[in-house]
Amino acid sequence: MCNKKKGNYYITTAIAYTSGKPHIGNTYEIVLADSIARFKRQQGYQVFFQTGTDEHGQKIEDKAKEIGITPKEYVDQIAKKVQSLWDLMNTSYDKFIRTTDEDHQKQVQKIFKKLYQQGDIYKGYYEGMYCKPCESFFTISQLVDGKCPDCGREVESAKEEAYFFKMDRYAQRLIDHIQTNPEFIQPESRKNEMMNNFLLPGLQDLCVSRTSFQWGIPVDFDNKHVIYVWIDALSNYITGIGYDVDGNSTEQFKTFWPADLHLIGKDILRFHTIYWPIMLMALDLPLPKQIFGHPWLLQGDGKMSKSKGNVIYADELVEIFGVDAVRYFVLHEMPFENDGVISWELMVERVNSDLANTLGNLVNRTISMLNQNFGGVIMDKGVKEDIDEDFIQVSLETPKKVIEKMEKLRVADAITEIFILFKRCNKYIDETMPWVLAKEKEKSDRLATVLYHLVESIGIGASLLKSFMPQTSEKILNQLGICERDLDKMDVYKWIPDGTKVIDKPEILFARLELNKVLAKVEEQQKKEVEMMKKEEEKKTVVDIEAKSEISYEDFAKLQFQVGEIIACEEVKKSKKLLCSQVRIGSQVKQIVSGIKAHYTAEEMVGKKVMVLVNLKPATLAGVVSEGMLLCAEDENGQLGLMIPEKDMPAGAEIC
RNA sequence: GGCGAGAUAGCUCAGUUGGCUAGAGCACACGGUUCAUACCCGUGUUGUCGUGGGUUCGAAUCCCACUUUCGCUACCA
């Protein structure tokens with residue numbers, strides 16, 4: 001179909017961390033990447049566009065624990081949310097990678113091993129400050145007033161075994177690369193930050209493993225350790241397209257690596273411009289061509305915060321304004337280097353002036369005039385006047401300008417160029433005054449020509465708009481009854497065949513909005529959001545169950561509870577739910593079967609000291625004898641938690 | 001503390017190597033127009049270009065000091 005391939009283009013976004021729902025600031029990145037990917041495709045490149053989620057780490061482990069589900073269940077939920085948001089924004093990614101994908105994990109383990117065997121990674125000690133109650137390490141710079149940043153208590157210095165990546169081996173090569181490739185780090189001002197803060201003073205070795213949590217990819221030759229975020233997350237750019245450490249990389253990898261563009265937030269520039277290139281050097285792979293650290297989209301009045309209920313999420317914006325309006329806003333308002341601002345007021349202003357007035361109204365009035373005068377049929381009668389020349393000139397220049405801006409990744413400027421064309425169209429209508437021509441029969445051919453020119457130019461504009469506002473572009477072309485124009489066919493001003501018919505009744509592309517109404521809606525949405533949060537909190541803290549009838553003390557005294565230490569535990573083979581534990585109670589050991597396999601693994605049961613009902617009549621469950629009961633608390637979702645004494649108690653201690 | 005970026009019309013921002021009588025869009029006012037979503041077109045107002053000093057024939061643009069905002073400051077994913 002398309003045999004004019006210009007070459008390959010591999011673009012990536014950062015993978016989103018699955019600690020929560022991404023807000024509009026995070027969503028900006030995927031839309032920006034999407035518009036670039038789509039434009040490259042429009043230009044005839046074979047594009048591969050990758051995005052995804054980063055799903056490991058302490059935070060995830062903690063959050064999952066808090067809610068009472070497994071980390072995997074937790075990240076499954078969030079990853080789903082992220083992906084559906086990306087889909088809502090109509091982004092055309094080719095691959096959505098998750099760091100919990102099996103093939104990714106496998107390669108990351110192999111990468112780690114290879115770097116270790118090569119001597120790039122060595123085992124050492126990670127020294128820092130340790131907060132006992134919080135069970136976490138901090139660097140000195142992280143401390144608040146020399147105390148734990150989480151709980152404010154005293155910390156003590158401590159060591160943790162860890163693997164480190166030797167940086168100095170490649171540092172000079174990287175410095176040279178950055179200096180000889182000025183386009184490597186964009187925008188350029190960020191380059192200095194990296195050079196001055198890190199590279200020139202000398203790099204410290206990077207800690208690449210952890211023993212303080214489990215939710216990560218295990219180091220396969222040293223099980224205590226999990227691979228820390230950097231090697232895990234950054235590798236997605238190569239594992240996602242089929243890199244293999246042993247040399248069996250896919251054709252896809254050979255086609256697309258090195259990446260043309262890593263699009264990332266400016267906050268993670270360090271990892272992408274220093275650690276990632278060094279990793280690649282160690283793997284003997286070429287470096288990505290460009291890393292672009294984009295600025296942030298901030299909210300006008302103060303920082304977004306969940307508790308204030310003023311966080312703006314993409315789906316809320318979309319509900320009120322529609323996908324393309326949101327895409328337009330984030331792409332157009334985001335400056336190249338400095339942070340941009342978003343507010344409901346600004347959003348309404350842009351929609352009304354640019355989308356409703358300039359663009360929507362232009363399409364609408366053009367179609368109306370065609371219908372009123374020519375039954376909707378477009379005919380080029382060739383009655384040109386001098387006044388047309390400049391208009392045609394602008395129409396033909398616009399595609400060139402847009403391409404030029406996109407070459408420099410100046411997406412906002414590219415969109416501005418397109419809208420300059422639409423404005424010029426409106427002006428052309430005033431210059432030619434079609435409603436005057438319509439009154440004189442002998443001017444009919446001139447009128448047809450004018451309207452033809454309009455459709456031609458709008459067609460150029462709409463085709464150019466495709467990468468940025470795909471749905472709108474299509475709607476306009478459909479309403480005009482014309483085809484999309486290829487980027488390389490924009491130099492001819494005679495594209496539309498005579499006799500093309502526009503739609504009978506123009507459909508409003510963007511309705512004008514009243515700020516008051518929008519704000520009222522927003523308030524409603526946010527109220528709902530806050531209420532939902534409250535409800536969730538309540539759910540979290542309180543569970544009501546059906547009351548049982550009162551019992552006497554004698555009834556209670558019949559029950560004997562003791563602390564039991566689980567010394568061994570295995571799954572009951574025949575059963576889906578049961579775990580069989582050997583529980584030390586005083587000097588004796590009881591075998592107890594419990595239906596908690598969905599909540600605890602056999603391994604993690606071992607060593608726990610739990611509350612046991614010891615004088616329960618033995619029973620046989622799934623063919624296994626059970627001599628008591630482990631007591632659990634259950635929440636409204638059926639999540640179970642073992643009862644464990646608040647202080648360490650010896651096995652056999654009576655619970656009374 | 002160190003390194004870096006910014007401070008330009010009511011708002012959001014452009015201003016390349018010094019030549020600007022300082023710009024654009026939005027908002028505002030007036031005029032025109034009526035095909036169209038009270039829309040479109042035109043004209044216009046508003047600025048000691050953060051403060052003070054210096055270099056220069058000439059500085060928003062270069063240099064110095066100050067005020068102020070922000071980013072990075074190494075393991076947070």
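Keep in mind it's a predicted model, so treat the numbers as computed, not measured. Every chain is numbered from 1, with letters handed out A, B, ... down the list of sequences.
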> How close or far is atom P of B/G25 from atom CZ of A/F329, stated in whole angstroms?
Replying inline: 18 Å
> For the pair made of NE2 in A/H332 and P in B/C13, what is the distance, rounded to whole Å?
Replying inline: 12 Å
> If you look at every strand shown and take non-hydrogen atoms under 4.0 Å, does A/G202 touch a base, only sugar-phosphate, or nothing?
Replying inline: base
> Of the options A/Y116, A/Y122, A/Y125, which is the one that meets A/Y163 in a ring pair (Phe, Tyr, Trp, His ring centres under 6.0 Å)?
Replying inline: A/Y116
> To the nearest Å, how far apart are A/I274 CD1 and B/C72 C1'?
Replying inline: 11 Å
> Looking at B/C41, B/C75, B/C26, which one has an atom nearest to any side-chain atom of A/C207?
Replying inline: B/C75
>> Please classify the nucleic acid contact of A/E55 as base, sugar-phosphate, or nothing, using heavy-atom distances under 4.0 Å.
In response: nothing
> Is A/N352 near enough to B/C26 that one of its side-chain N or O atoms lies under 4.0 angstrom from OP1 or OP2?
Replying inline: no
> Taking the C1' atom of each, how far is B/U17 from B/A24, in whole Å?
Replying inline: 23 Å
> Just checking A/A233: base, sugar-phosphate only, or nothing, at a heavy-atom cut-off of under 4.0 Å?
Replying inline: nothing
>> Does anything in residues 430-454 of chain A form a ring-ring contact (aromatic ring centres under 6.0 Å, His included)? List the pairs, not counting sequence neighbours.
In response: A/H453-A/Y493
> Given atom CG of A/L206 and atom P of B/A74, what is their separation to the nearest angstrom?
Replying inline: 13 Å
>> I want to verify a distance call: between B/A74, B/C35, B/C75, whose nearest atom is closest to the A/L203 side chain?
In response: B/A74
> If you check the A/Q372 side chain, which of B/C26, B/U73, B/A36 turns out closest?
Replying inline: B/A36
>> Do A/T18 and A/R98 have side chains that approach each other closer than 4.5 Å (heavy atoms only, starting at C-beta)?
In response: no
>> Work out how far the C1' atom of B/G32 is from that of B/G15, and round it to whole angstrom.
In response: 32 Å
>> For A/H332 and A/F419, I'd like to know if the aromatic rings sit close, meaning centre-to-centre distance below 6.0 Å.
In response: no
>> Work out how far the C1' atom of B/C30 is from that of B/G19, and round it to whole angstrom.
In response: 35 Å
> So, do A/W230 and A/F165 have ring centers that fall under 6.0 Å from each other?
Replying inline: no
>> Could you tell me how far B/C26 sits from B/U73 if I compare only their C1' atoms? Round to whole Å.
In response: 39 Å
> Of the candidate nucleotides B/C35, B/C11, B/C26, which contains the atom at the shortest distance from the side chain of A/S353?
Replying inline: B/C26
> Tell me: OH of A/Y428 to C1' of B/G42, nearest whole Å?
Replying inline: 19 Å
>> Quick check for you: among B/U73, B/C75, B/C40, whose closest atom lies nearest to any side-chain atom of A/F198?
In response: B/U73
>> Using OP1 and OP2 only, check whether a side-chain N or O of A/K427 sits under 4.0 Å from B/C40.
In response: no
> Is the distance between the ring centroids of A/F112 and A/H225 under 6.0 Å?
Replying inline: no
> For A/Q58 and B/C75, what is the distance between atoms CD and P respectively, to the nearest whole Å?
Replying inline: 15 Å
> B/U21 and B/G58: how far apart are their P atoms, nearest whole angstrom?
Replying inline: 13 Å
>> Both A/A16 and A/N364 contact RNA chain B. Which one's nearest nucleotide lies toward the 5' end?
In response: A/N364
> Quick one: stems for RNA chain B, with Watson-Crick or G-U pairs under 3.5 Å, at least three in a row?
Replying inline: B:1-7 with B:67-73, B:10-13 with B:23-26, B:28-32 with B:40-44, B:50-54 with B:62-66
> Counting any heavy atom closer than 4.0 Å, what does A/L509 reach on the DNA or RNA strands: base, sugar-phosphate only, or nothing?
Replying inline: base
> Looking for any heavy atom pair under 4.0 Å, which part of the strands does A/N371 touch: base, sugar-phosphate only, or nothing?
Replying inline: nothing
> Taking for each residue the nucleotide of RNA chain B with the nearest heavy atom, is it A/R365 or A/R350 whose nucleotide lies nearer the 5' end?
Replying inline: A/R350
> Below 4.0 angstrom from OP1 or OP2 of B/U73, is there any side-chain N or O of A/R270?
Replying inline: yes
> Taking the P atom of each, how far is B/G18 from B/U61, in whole Å?
Replying inline: 11 Å
> Taking the side chain of A/I508 as heavy atoms from C-beta outward, which of B/U37, B/C11, B/C75 is closest to it?
Replying inline: B/U37
> When the C1' atoms of B/A36 and B/C40 are considered, how many whole Å apart are they?
Replying inline: 8 Å
> Between A/W435 (CH2) and B/G32 (C1'), how many Å, whole number?
Replying inline: 10 Å
>> Please report the distance separating the C1' of B/C13 from the corresponding atom of B/A7, rounded so that it comes out in whole Å.
In response: 13 Å
> Which part of the nucleic acid does A/F510 contact within heavy-atom distance under 4.0 Å: base, sugar-phosphate only, or nothing?
Replying inline: base
> Do A/N236 and A/Q50 have side-chain heavy atoms sitting under 4.5 Å apart?
Replying inline: yes
>> Check for me whether the distance between the ring centres of A/F510 and A/Y328 falls short of 6.0 Å.
In response: no
> In whole angstrom, what separates A/D205's CG from B/C75's P?
Replying inline: 13 Å
>> Between A/E66 and A/K63 (salt bridge meaning N to carboxylate O under 4.0 Å), is one present in this structure?
In response: no
> Could you give all pairs that pass the salt bridge (charged side-chain N to carboxylate O under 4.0 Å, His left out) test and reach residues 340-354 of chain A, with sequence neighbours left out?
Replying inline: A/E333-A/R350, A/R350-A/D354
> Base, sugar-phosphate, or nothing for A/T358, non-hydrogen atoms under 4.0 angstrom?
Replying inline: sugar-phosphate
